[in-house]
Amino acid sequence: MSLLKEIKDDLQKAVIPGKAKELMRFFKTGPGDYGEGDLFIGVTVPEQRKIARRHHKEIPLAELEKLLQDPCHECRLTALFILRLRYEKEKSAPQQKKLVQLYLNNLDYVNNWDLVDSSAPYILGPHLYGKDPALLYELADSGNLWRQRVAVLTTAYFIRQGNFDHTLKLAELLLDHPHDLIHKAVGWMLREVGNRDPECELAFLKKHHRRMPRTMLRYAIEKFDPYTRQKILKGQA
């Protein structure tokens with residue numbers, strides 16, 4: 001039996017009756033929604049992580065790529081958990097690069113916010129840190145919601161290293177983005193900057209808070225004290 005089939009069988013065994021409908025509502029899979037047409041079978045994330053840990057060492061990259069291209073959401077997320085584990089444990093730079101290329105070649109399948117958030121900071125983040133950041137801005141300028149979120153979430157790794165420059169530049173570029181999933185992503189990353197350097201975040205907010213979408217702003221100021229939050233929300237920063 002191929003490992004691809006074994007992983008799919010494991011996912012099927014972990015299905016919880018009725019869970020798929022709940023997940024399809026949560027991830028907005030209805031007509032006109034951001035996850036329109038996405039398919040779920042009803043497996044929890046902890047179960048997917050267990051399956052990924054069980055199989056990540058042996059699965060060939062060709063089979064992993066097929067898993068990542070599967071119409072089933074849980075297959076794609078499990079594939080990303082495996083890819084992340086492989087990348088984190090890989091010591092060879094050429095092999096890491098091969099894993100990153102597989103990820104980039106299949107960005108069309110990283111097409112919901114949990115898929116982005118579970119992969120971009122852990123694969124693209126360490127790969128791009130300290131290197132030419134042009135790819136980040138190419139993704140941000142793509143006009144594709146998920147690629148833009150990949151760009152923003154990739155900088156979570158940079159933030160953990162104490163480097164905020166690209167987070168702030170991308171936040172500025174995406175201030176007028178129409179979708180709340182980008183507002184939330186940018187606000188979240190700004191909050192992470194503020195957790196490490198409150199004055200840096202505050203300087204950004206003083207410059208841009210009147211222009212920021214409300215959701216982005218609320219996410220960004222969540223950890224501020226109540227007085228400062230209200231002052232910013234009232235446009236008095």
Side-chain angles (χ1 to χ4, degrees), residues 1-88 98-125 127 135 138-139 142-154 178-182 184-185:
M1 181 190 297
S2 73
L3 277 177
L4 177 61
K5 186 177 187 313
E6 194 172 333
I7 290 169
K8 287 187 174 186
D9 286 349
D10 284 352
L11 287 169
Q12 283 294 337
K13 290 172 188 173
V15 166
I16 298 173
K19 185 73 173 175
K21 287 185 178 179
E22 175 190 325
L23 290 170
M24 289 170 76
R25 284 194 300 270
F26 183 72
F27 286 100
K28 309 291 186 188
T29 63
D33 288 334
Y34 62 73
E36 180 177 358
D38 206 352
L39 301 175
F40 287 80
I41 56 174
V43 183
T44 66
V45 169
E47 282 298 323
Q48 291 174 70
R49 290 185 186 277
K50 285 181 190 175
I51 292 167
R53 285 195 296 271
R54 191 152 63 238
H55 296 292
H56 76 276
K57 292 180 181 177
E58 294 87 11
I59 185 169
L61 291 188
E63 291 192 8
L64 179 57
E65 187 167 34
K66 288 180 182 177
L67 188 66
L68 182 51
Q69 295 174 353
D70 198 277
C72 168
H73 187 102
E74 287 94 338
C75 285
R76 301 199 305 281
L77 183 55
T78 302
L80 290 168
F81 286 147
I82 290 172
L83 190 59
R84 172 176 161 182
L85 285 166
R86 290 278 281 268
Y87 183 88
E88 289 171 348
K98 187 180 292 187
L99 294 169
V100 170
Q101 196 58 54
L102 187 151
Y103 181 69
L104 292 173
N105 289 347
N106 290 279
L107 276 185
D108 286 347
Y109 302 95
V110 185
N111 57 353
N112 214 314
W113 59 264
D114 62 323
L115 304 175
V116 172
D117 299 4
S118 298
S119 58
Y122 308 100
I123 299 171
L124 269 194
H127 177 71
L135 176 61
E138 180 183 325
L139 293 170
S142 67
N144 178 282
L145 171 65
W146 306 120
R147 289 175 183 239
Q148 291 170 321
R149 189 167 172 114
V150 165
V152 175
L153 265 293
T154 293
H179 206 289
D180 73 335
L181 284 175
I182 296 298
K184 291 174 181 177

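In what follows, residues are counted from 1 in the order of the sequence shown. Note that these values count all heavy atoms, side chains included, but never hydrogens, waters or copies made by symmetry.
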**OP:** Walk me through it: do Glu36 and Thr29 pass the test side chain to side chain contact (heavy atoms under 4.5 Å, CB included)?
**Re:** CA-CA 4 Å; Glu36 180 177 358; Thr29 63; over 6 Å; no
Subject >> Test: Lys66 and Asp70 ion pair at under 4.0 Å >> reply: no
Original post:
Quick one: are Gln12 and Lys8 in side-chain contact, heavy atoms under 4.5 Å?
Top reply: no
**OP:** State, to 0.1 Å, how close Gln148 and Ser142 come at their nearest heavy-atom pair, and which atoms those are.
**Re:** CG-OG, 4.0 Å
Original post:
What pair of heavy atoms forms the shortest contact from Phe40 to Leu23, and how long is it?
Top reply: CD2-CB, 3.6 Å
Original post:
Tyr103 and Val110: side chain to side chain contact (heavy atoms under 4.5 Å, CB included), yes or no, with the steps?
Top reply: CA-CA 9 Å; Tyr103 181 69; Val110 185; 3.9 Å; yes
Original post:
Which residue pairs pass the side chain to side chain donor-acceptor pair (under 3.5 Å) test when at least one of the two sits in residues 53-62, sequence neighbours left out?
Top reply: Asp10-Arg54, Asp10-His55
Subject >> Partner set under side-chain hydrogen bond (donor to acceptor under 3.5 Å, both in side chains) for Arg76, not counting sequence neighbours >> reply: Asp38, Asn111
Original post:
Which atom pair, heavy atoms only, marks the closest approach of Ala52 to Thr78?
Top reply: CB-O, 4.0 Å
**OP:** List the steps and the verdict of side chain to side chain contact (heavy atoms under 4.5 Å, CB included) for Leu77 and Glu74.
**Re:** CA-CA 5 Å; Leu77 183 55; Glu74 287 94 338; 5.7 Å; no
Subject >> side-chain hydrogen bond (donor to acceptor under 3.5 Å, both in side chains) against Trp113, all qualifying residues, sequence neighbours excluded >> reply: Tyr34
Subject >> Rounded distance [0.5 Å steps], CZ in Arg49 versus OG1 in Thr44 >> reply: 10.5 Å
Subject >> Shortest non-hydrogen separation from Leu64 to Ala79 and the atoms involved >> reply: CD1-O, 3.6 Å
**OP:** Measure the shortest side-chain to side-chain distance between Leu11 and Cys75 over non-hydrogen atoms and say whether it is less than 4.5 angstrom.
**Re:** yes
Subject >> Euclidean distance, Asp117 CG relative to Leu80 CG, rounded to 0.5 Å >> reply: 11.0 Å
Original post:
Would a 4.5 Å heavy-atom cut-off, applied to side chains only, mark Phe27 and Asp114 as touching?
Top reply: yes
**OP:** Indicate yes or no: at least one non-hydrogen side-chain atom of Leu68 is less than 4.5 angstrom from one of Leu102.
**Re:** yes
**OP:** I would like to know whether His73 and Leu39 meet side chain to side chain contact (heavy atoms under 4.5 Å, CB included); could you show each step before the answer?
**Re:** CA-CA 6 Å; His73 187 102; Leu39 301 175; over 6 Å; no
Original post:
Which distance, rounded to the nearest 0.5 Å, do you find between the CG of Leu107 and the CG of Asn144?
Top reply: 8.5 Å
**OP:** Quick one: pull up NZ in Lys28 and CG in Leu181 and give me the separation to the nearest 0.5 Å.
**Re:** 10.0 Å
Original post:
Roughly how far apart are Leu135 CG and Leu124 CG, rounded to 0.5 Å?
Top reply: 6.0 Å
Original post:
So, are Lys5 and Asp9 salt-bridged, with charged N and O less than 4.0 Å apart?
Top reply: yes
Subject >> For the student: nearest non-hydrogen atoms of Val43 and Glu47, plus distance >> reply: CG1-CB, 3.8 Å
**OP:** Please round to the nearest 0.5 Å and tell me the distance separating atom CD1 of Ile82 and atom CD1 of Ile59.
**Re:** 5.0 Å
Subject >> Shortest non-hydrogen contact from Leu3 toward Glu63 >> reply: N-OE1, 3.3 Å
Original post:
Under 4.5 Å between any side-chain heavy atoms of Ile51 and Phe81, yes or no?
Top reply: no
Subject >> Ring center gap for Tyr122 and Tyr87 short of 6.0 angstrom >> reply: no
